[in-house]
Amino acid sequence: MNDTLAQLTKVLEERKTAAPESSYVAKLYSKGLDAILKKIGEEATETVMAAKDGDRAKIVHETADLWFHCMVLLAHQGLSAEDVLQELERRFGLSGLEEKAGRGTS
């Protein structure tokens, strides 16, 4: 796994047991799943808006925020970026249409 993702995963795990007033992530964890999901929704919307504006720097910034909050969600659920990377690796070389058909979803 990428060193940055590995380091961030470690920090996110450490924040699970930290006092809410000690960090943004610890506070977000203390608010629970709904607060984390709300942040992901906000960041996804901001990413879409940045893309619509065509501002490359803003797209990167907002995507980083979105990925970060998705990683908070993963850690909250006992998962990590490595789990997602393994799933992407599993799909590599597989047609998107084949992959979706394999899940039985449209």
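As the structure is a computational prediction, the values presented were derived from the model and not from experiment. When a residue number appears, it is its place in the shown sequence, counting from 1.
We find the CD-OG1 distance between Glu62 and Thr45 to be 10.0 Å, quoted to the nearest 0.5 Å. With rounding to the nearest 0.5 Å, the separation of OG1 in Thr47 from NZ in Lys58 is 10.5 Å.
Side-chain contact between Leu85 and Leu5: present, with at least one pair of heavy atoms (C-beta onward) separated by less than 4.5 Å. In this structure the side chain of Leu88 never reaches within 4.5 angstrom of the side chain of Phe92, judged on heavy atoms. Between Val25 and Phe68, the closest side-chain pair of non-hydrogen atoms falls below 4.5 Å.
In this structure, the side chain of Thr63 does not engage the main chain of Val60 through any donor-acceptor pair within 3.5 Å. Judged by distance alone, the side chain of His61 and the main-chain N or O of Ala57 form no donor-acceptor pair under 3.5 Å. Checking side-chain atoms of Tyr29 against main-chain N and O of Leu12 turns up a donor-acceptor pair under 3.5 Å.
In this structure, Leu8 and Met71 approach most closely via the heavy-atom pair CD2-SD, 3.5 Å. Closest approach of Ile40 to His69, counting heavy atoms only: CD1-O, 3.7 Å. Closest non-hydrogen pair, Lys16 versus Ala75, comes out as NZ-O, 2.6 Å. When all heavy atoms are compared, the tightest approach of Pro20 to Lys27 is O-CB, 3.3 Å. The two residues Ser23 and Arg15 have their closest heavy-atom pair at OG-CD, 3.1 Å.
One finds no salt bridge joining Glu13 and Lys10 here, because no Lys/Arg side-chain nitrogen approaches an Asp/Glu carboxylate oxygen to under 4.0 Å. Looking at Lys39 and Glu43, a side-chain N of the basic residue comes within less than 4.0 Å of a carboxylate O on the acidic one, giving a salt bridge.
The local environment of CG in Asp53 is crowded, with over 12 non-hydrogen atoms from other residues, nucleotides or ligands closer than 6.0 Å.
Val84 and Trp67 fall into different hydrophobic clusters, where Ile, Leu, Val, Met, Phe, Trp and Tyr side chains are chained together by heavy-atom contacts under 4.5 Å. Using a 4.5 Å cut-off between side-chain heavy atoms of Ile, Leu, Val, Met, Phe, Trp and Tyr, with links allowed through other members, Val48 and Ile59 fall into different hydrophobic clusters.
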